Amino acid sequence: MIEPRTLKGFRDHLPAQALARENILDIARRVYRSYGFAPIDTPALEYLEILTGKGSDETDKQLYRFKDHGGRDVGMRFDLTVPLARFCAQHIATLGTPFKRYQMASVWRGENTQRGRYREFMQCDFDTIGTTSPVADLETVLVAHDVLKAIGIEKFTVRVNDRRVLSGMLQELSLADRSTHVLRSLDKLGKATSEAVAAELSSHRVPDEAIAKLLSMAQLRGTPSVVLAALDTLVGSSEIGRVGVASLRRVLDGVQKAGVADGRVVVDPSIARGLDYYTGIVLESFLDELPGLGSICSGGRYDNLAGLYTKQSLPGVGASVGIDRLLAGLEELGRLHLTETPADVFLVFFSEEHLGDYLRVAAALRVAGMAVEFFPEAKRVGQQLKVAAKKGFPVALLIGSDEFAAGTAQLKSLATQASATINWHGDLHVLVDAIHSQLQAIRAKH
RNA sequence: GUGGUUGUAGCUCAGUUGGUUAGAGCACUAGAUUGUGAUUCUAGGGGUCGCGGGUUCGAGUCCCGUCAGCCACCCCA
């Protein structure tokens with residue numbers, strides 16, 4: 001006997017979880033498409049040199065790599081951005097710019113696991129390639145906002161900042177040479193105390209006076225106009241800093257004009273993002289009720305996506321929904337109603353003699369857009385109903401010999417056990433319409 | 001990769017200073033009950049105590065290793 005087991009950091013998804021996951025993916029897909037982003041797909045395996053091109057030690061360590069059967073050095077993608085860069089370098093001539101794509105796919109990293117961190121996980125990226133327009137930045141923020149809103153989250157905040165504001169600050173403070181360390185430290189402000197961050201900055205030879213200024217900047221809060229005005233003065237005479245503030249102002253102005261509710265999108269000068277390839281706007285999104293969960297949708301603007309693979313300059317802006325983290329958060333908040341079935345109607349199988357009738361009824365319901373599970377065995381009715389209730393069907397449809405003779409049917413709500421009689425007199429349209437409207441009524445209550 | 005912590009049935013757990021054949025509740029299967037999820041009753045399946053070694057007359061219990069989960073660091077999604 002071989003012990004059935006899964007590798008460390010790899011998971012099975014049971015129906016209840018997989019359904020919740022697909023629901024979120026469907027919503028994200030719908031929102032992405034509503035802005036004109038088109039799907040692409042790329043291979044899970046790439047030539048090793050493509051993936052290691054950027055060559056940081058960290059990604060090198062995490063990379064799943066091996067020789068394929070033809071002796072080629074290959075690796076599994078560890079994000080969707082590097083494959084996108086290769087993809088654009090290869091196809092941009094056909095695609096033209098601006099190119100807007102989304103990709104929802106698994107990636108692999110051989111790093112240590114922790115709650116919510118796995119070796120195989122999904123990324124849901126959307127990016128706009130080939131334009132430096134702030135309108136593309138704005139749209140990125142709007143998409144992040146729309147996805148979270150469409151999922152039905154009531155309390156969330158999209159926090160935006162601009163790397164150029166930070167660069168301007170660092171220039172003013174003569175810290176440009178330590179920018180990576182400084183930004184990484186500031187990025188911890190959400191999790192660590194300001195004292196801890198100050199200590200870490202100090203260890204990177206940042207003078208106390210500069211630390212005080214950085215912290216006061218990072219902790220600026222308030223309406224966008226208030227924060228932006230404060231940033232204007234902090235950035236001082238730095239040209240790049242002023243450009244950053246101006247760009248943020250345009251984005252926030254656009255967010256408001258697009259009709260986003262006040263407070264949903266704010267300026268947060270402490271948002272830096274760990275990755276050093278961001279050059280303009282950066283954004284993170286949080287569930288207000290679970291700030292400790294971390295960002296559930298993050299991204300930003302980068303100057304040169306594909307410099308490793310082509311001479312053509314390809315600027316871009318994009319973001320990614322952290323689907324696993326988001327699901328964990330929704331579950332913790334009890335916002336995930338878990339069912340084990342995607343179907344609406346459970347059709348009870350009473351007796352073989354009516355098999356043809358059941359198949360006809362089920363087919364009619366499916367044509368009308370309802371999902372029907374027909375129980376495959378004429379087992380005891382009680383057992384069938386038990387299965388249906390356990391799997392989370394909203395209703396069961398019961399039509400036995402008595403009902404067929406009388407031209408009726410019972411539609412039973414599995415949540416309340418209440419049963420309603422439908423008089424359909426053998427007319428499938430009447431039956432289908434009645435079930436359809438009852439389902440609508442049940443859904444409206446949720 | 002480093003450090004800490006946990007591991008007994010599908011789930012939650014009990015199991016005495018090491019002592020006979022490892023238990024409970026829930027869940028599951030079948031029946032009482034050939035047309036309605038509950039309750040009740042009866043019967044049943046399911047464990048190499050994460051895995052491997054060691055100490056011992058004897059290990060679920062002690063020791064070592066290993067695998068997996070969780071937490072922190074690192075980094076990030």
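Small disclaimer: the values here were computed from a predicted structure and weren't measured. Reminder, nothing fancy here: chain letters follow the sequence lines and each chain counts from 1.
Counting only residues at least two apart or in different chains, salt bridge (Lys or Arg N to Asp or Glu O under 4.0 Å) contacts with residues 82-91 of chain A comprise Glu46(A)-Arg86(A).
In terms of heavy atoms, Val348(A) sits closest to Phe374(A) at O-CE1, 4.4 Å. What you find for Ser351(A) and Tyr358(A) is that their closest heavy atoms are O-CE1, 3.9 Å.
The side chain of Lys8(A) lies closest to G69(B) when the candidates are G35(B), A77(B), G69(B). The nucleotide whose nearest atom lies closest to any side-chain atom of Gln62(A) is, among C75(B), G37(B), C70(B), C75(B). Between U36(B), G69(B), A77(B), one nucleotide has an atom nearer to the side chain of Thr113(A) than all others, and that is G69(B).
By the side-chain contact (heavy atoms from CB on, under 4.5 Å) test, Ala105(A) pairs with Arg77(A), Leu80(A), Gln103(A), sequence neighbours left out.
Nucleotide U2(B) has A72(B) as its partner under the Watson-Crick or G-U criteria, with both atom distances under 3.5 Å.
Nucleotide C76(B) holds its P atom 12 Å from the CD atom of Glu284(A), rounded to whole Å.
A heavy atom lying under 4.0 Å from RNA chain B marks the following residues of residues 374-386 of chain A, by number: Lys379(A), Arg380(A), Val381(A), Gly382(A), Gln383(A), Leu385(A), Lys386(A).
Using a 5.5 Å limit on the distance between ring centres and a 30° limit on the angle between planes, the aromatic ring of Phe121(A) counts as stacked on the six-membered base ring of A77(B).
Dashed line: the shortest gap from a side-chain N or O of Gln114(A) to OP1 or OP2 of A72(B) is under 4.0 Å.
Looking at Lys67(A) and Asp73(A), a side-chain N of the basic residue comes within less than 4.0 Å of a carboxylate O on the acidic one, giving a salt bridge.
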